[in-house]
Structures are given as C-alpha cells and as structure tokens.
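Below is one structure, written out as structure tokens; the observations come after it.
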Protein chains: 2
Amino acid sequence: MEDTGIRSVGATMPGHLIRRLHQLSTSVFTQRVREAGFDLTPVQFIALDALQQNPGIDQARLAEAIAKDRATVGAVTDRLVQKKLVKRVVSPRDKRARELTLTGAGRATLDALMPVVTELQAEILPGLTPEEYAQFIALAAKAARAAGPGDAG
Amino acid sequence: MEDTGIRSVGATMPGHLIRRLHQLSTSVFTQRVREAGFDLTPVQFIALDALQQNPGIDQARLAEAIAKDRATVGAVTDRLVQKKLVKRVVSPRDKRARELTLTGAGRATLDALMPVVTELQAEILPGLTPEEYAQFIALAAKAARAAGPGDAG
DNA sequence: AGAATTTAGTATGTACAGATACCAATTCCG
DNA sequence: CGGAATTGGTATCTGTACATACTAAATTCT
C-alpha cells in the first residue's frame, strides 16, 4: 500500500473509534464463525445466548436483554426462526406475546460456536496486551453500565 | 422500571460491549446535533470533516479516510450531495472518479457543528473519570491502529 | 500497441438499528 | 365493569455496512 497522502479522520473522536472497533468486531466474528461452518451474525448469536439463559421469554424481553428495540428483535427473530434455531409460539397467557425457545439445532449451534467465540474475542482488540485488554473491557463495561439499559431508545 | 428477572447478556464480551457503546454514541450524537438544529448522522459528519481536511479527493479516497467501503460511501455521498453540503464532479484526470468538495453550506455546517460535537464527546462515555476517558481513547486508538486501515473490507 | 489486470463507481441483496405509526390485547383505575 | 393508558408485535421508512457482481476507464505487462 502506497502513501496517498490522505489523512484518516477522527483519530481522537470516541464515536469514530468506537465505530471502527464495531466494524472490526463484526467482521472478525462473521469470518471466524463462517470458517467454523456456520452462518450467524453477532446479533443472532447474542440472541441465541440470551434465549439459552432465559428460555421462554417473549420478544420484548429479548429486546431488553440484548439492548435492541422491538422492531430489530422482530426481524432478527424472523431469521432465527427461518433457520430453525428458534421456536416462536403465541403465549397462552398473553395473546400479544410470542414466547421464544431454542430448538435442538439452536442449542447445538450455540454449543458448537461458544468455544469459537471465546477464542475470537482476543482478535477483536488486536495489539493490546492482556492487561490493556482487561482494562478496556472494564472501562467499556463501566460506561455501558452508566449509560443504563434504556438509553438508546 | 421493575425487575423482570431477565438477565442481560454479554457483559464481558468485547463485541457486545462495543456494540452497546456504538449505539449509545450514535444516539447521543444524533440527539445533540438535532437539538442544534441540524439533520446529520455521525457518518455524514465524519465524511464532511474528511472532505475539509482533504478537499477534492474522490469517493474511493474518502472511503479509505473514513474506513468504509465504496458502496457505503457512495450512498452517504448521495445524501450529502442531495443536502447540498457536498459538490460531486467527474474528475478531468480520471473519468471514473468523482471529486468531492464541500459547498459553502457544507463548510458552514461543519463550522457550526464542530463545537457541538466536541462538547458531546464526553457524553458518549458516561460515568468515566477524565483519566479513564483518556485511557479508553488511548486503548481504542491503539487497537484500531493495530487493526490497520484495510481490515474491515 | 494489445491483452490482462486493476481500479472507480454503481446496482442489488442481506442484515442490523432506530423512528414512527398502527392494531390487538392487557392492565389500570375510577 | 368499562373507558383510558400501556404493552407486544408488526409494517414502513431512512440510514448505515458489507458482499458480490457488473461496467467503464486506467494501468501494467508483454
């Protein structure tokens, strides 16, 4: 790669840095998961994880757990149902709600992917020492916690 | 908000934390900018900033500067041209390329927004002390630099 | 010069992500 | 109990974001 003289932008802007890390994280995840023989996005994975930890919750509850809005979760759920990783049934207690559970395939996918995802996490923040990595996680978690669960809507 | 017993997910996963911060950052930016009387997304702002620093570059060069792919930059540029913040002309040297420059309105928008954006940055990482904030920026910048400019495409 | 490769931009398709609006079902409250 | 407010889900719209594939133009290599 030759030097084009183009200066990259936003090197000290937190928003831009976070956006960069976000796309890096997504691309590493998608690539490694595909190499493992699966076709699953980060959000789909997080949703499966949330459903394993909270079986039978409805879409609004899932949205809360993974910090997305209802419309997004509806679309993500559509894809997971279509891939037969999640079962969606109308709640007998509340006809508006749809209760979500992992299918056998969903559980199997999550089990197979968990070690892959654990291993890929270091790649998401390349060039950091283990101490720096831990520090970054701690700071990010603190900021995310301070932001609260309901801020993004 | 009452406790529903739903556990949130991914509290130690860097990818999920980064995704959370990304949405927080976007929502803070959009809200503050709208309050200032403008209708501009974070990516559109970064693009304007890049064009001010590198007037006359083409879309591929802009994509490189802001770390997006050509297709995305094409769409973003469409909107900036439509808003009359950017002028797009076919390069006389290379008939494939389109040279981009800020219009007067583009420069004015950038000037008006710069202090707003500077001020809003602290809000993107709430609950961090100034030292922690600086630390986070340093770590994020280090990781982004290690990732390299061409990794996400 | 001519063929092969690379590069710029666009088109299309998929997938988040939030805003808004809407319907249906439920809960709240008088 | 019955009207009002809330809640769950969907539909639509805008805007990233990337993959792939395609055209046209430029560059490279023989």
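Naming: A, B, ... by sequence-line order, numbering from 1 per chain.
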Would a distance-only check, ignoring hydrogens and angles, find a side-chain to backbone donor-acceptor pair under 3.5 Å from B:Gln23 to A:Ala67?
yes

Closer than 3.5 angstrom, by distance alone: can the side chain of A:Thr103 be matched with the main-chain N or O of A:Leu85 as a donor-acceptor pair?
yes

Nearest whole Å is fine: how far is [N] [atom2] from [X] [atom1]?
{"X": "A:His22", "N": "C:dC16", "atom1": "NE2", "atom2": "P", "result": "11 Å"}
{"X": "A:Leu62", "N": "C:dC16", "atom1": "CG", "atom2": "P", "result": "12 Å"}
{"X": "A:Asp69", "N": "C:dA17", "atom1": "CG", "atom2": "C1'", "result": "6 Å"}

For [N], does OP1 or OP2 lie under 4.0 Å from any side-chain N or O of [X]?
{"X": "A:Arg79", "N": "C:dA15", "answer": "yes"}
{"X": "B:Thr41", "N": "D:dG15", "answer": "no"}
{"X": "A:Gln23", "N": "D:dT16", "answer": "no"}

Residues A:Asp69 and A:Thr72: side-chain donor-acceptor under 3.5 angstrom:
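Yes, because at least one side-chain N or O of A:Asp69 sits under 3.5 Å from a partner of the opposite role on A:Thr72.
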
Report which part of the nucleic acid B:Arg93 touches: base, sugar-phosphate, or nothing (heavy-atom distance under 4.0 Å, all strands).
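Answer is sugar-phosphate: B:Arg93 comes under 4.0 Å of backbone atoms only.
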
With sugar-phosphate meaning primed atoms plus P, OP1 and OP2, does B:Arg19 contact a base, only sugar-phosphate, or nothing at under 4.0 Å between heavy atoms?
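Touches sugar-phosphate only.
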
Given that B:Lys95 and B:Val76 both sit by DNA chain D, which one's nearest nucleotide is further toward the 5' end?
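Result: B:Val76.
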
Are more than 12 heavy atoms, taken from residues, nucleotides or ligands other than B:Arg88, located less than 6.0 Å from that residue's CZ atom?
yes

Test log, rule side chain to side chain contact (heavy atoms under 4.5 Å, CB included), inputs B:Val117 and B:Gln121
CA-CA 6 Å; B:Val117 172; B:Gln121 304 204 331; 3.8 Å; yes

Identify the residue among B:Leu110, B:Asp111, B:Val116 that makes a side chain to side chain contact (heavy atoms under 4.5 Å, CB included) with B:Met114.
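For B:Met114, the side chain to side chain contact (heavy atoms under 4.5 Å, CB included) test succeeds with only one of B:Leu110, B:Asp111, B:Val116, which is B:Leu110.
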
For nucleotides 1-10 of chain C, read 5' to 3', which letter fits each nucleotide if B means a protein heavy atom sits under 4.0 Å from the base, S means only the sugar-phosphate is that close, and - means neither?
------BBBB

